[in-house]
Amino acid sequence: MIQLKSEREIEIMARGGRILAETVQHVEQRVAPGMTTADLDEIAERFIRGKGAIPAFKGLYNFPASVCTSINQEIVHGIPSKKRVIKEGDLVSVDIGVRLDGYYTDSATTVAVGKIDAVSQKLLDVTRAALAAGIAAATSDNHIGDIGAAVQGVVEAAGFSVVRELVGHGIGVAFHEEPQVPNYGKPKRGARLTPGLTIAIEPMVNVGKPATRTMADRWTVVSADGSRSAHFEHTVAITRDGPRVLTSLVNEASARPTVAV
Ligand code: MG
Ligand code: MG
């Protein structure tokens with residue numbers, strides 16, 4: 001069942017989302033060669049708790065850390081580790097959830113560590129643009145399929161592929177709510193987007209083929225062909241005035257897509 005949120009609930013999510021956006025920025029500014037992924041986890045957790053919020057991932061489905069850190073061919077759900085050292089040229093995806101006053105928000109970014117190769121830079125640009133296109137399609141009276149079609153269009157036009165096995169989701173009272181929000185689809189298909197719907201839109205894009213594999217830790221999902229992958233995510237509320245990005249530090253109008261790839 002899709003759970004629509006009142007304006008009051010969306011304002012609570014916006015407050016949590018603001019803390020999450022600040023957390024993402026705080027982590028992005030600190031990623032550097034020689035750090036471990038456990039360092040990123042610690043930095044994020046301390047920042048979230050310092051703002052009076054709760055890191056949502058810790059214990060969610062028994063996940064052991066506050067953030068997911070996924071490097072290069074890892075798509076999502078990497079477990080932070082003191083043994084995993086970040087290197088120059090890496091793409092580090094950091095996925096973070098926040099709970100504030102009983103409501104969840106979810107956001108992810110992929111950070112370039114120092115100098116990265118041209119294909120990796122294109123991957124970041126395309127995935128960011130795909131998220132922007134997905135958000136732009138999140139208008140009332142559009143459907144879930146319009147979001148997926150918009151994301152898929154940007155990704156495939158660039159020659160990359162959309163991961164199928166993992167999808168975006170409704171979010172709010174629970175971390176994962178209905179509906180699922182795939183990063184592929186057909187316009188005008190799926191649930192109708194209604195004001196009050198709050199969803200996480202999160203393209204996961206592989207340079208190579210879309211197929212995935214789960215590692216022996218039973219969490220980390222990697223591209224089956226070993227190609228690099230990127231992940232960007234925002235929590236978005238559907239409003240009468242258009243999509244409202246709840247996890248961005250820039251205002252809504254400028255958060256709308258201006259990027260063309
Ligand atoms: Mg996430
Ligand atoms: Mg999510």
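Atoms within each ligand, like the ligands themselves, are counted from 1 in listed order.
In this structure, OD1 of D95 and OE1 of E233 enclose an angle of 100° at the Mg ion (ligand 1), rounded to 10°.
Ionic pairing of E74 and R84 is present here: one or more N-O contacts between side-chain nitrogen and carboxylate oxygen are shorter than 4.0 angstrom. In summary, E42 and K82 do not engage in a salt bridge, as defined by a charged side-chain N under 4.0 Å from a carboxylate O.
Nearest N, O or S atom of E202 to the Mg ion (ligand 2): atom OE2. In terms of distance to the Mg ion (ligand 2), the nearest N, O or S atom of D106 is named OD2.
With a cut-off of 2.8 Å, the Mg ion (ligand 2) has no N, O or S atom of H176 in range.
The distance from the OH atom of Y103 to the CD atom of E9 is 3.0 Å, given to the nearest 0.5 Å.
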Q | Check against salt bridge (Lys or Arg N to Asp or Glu O under 4.0 Å), E11 and R15 | A | CA-CA 6 Å; E11 288 310 320; R15 282 196 285 115; over 6 Å; no
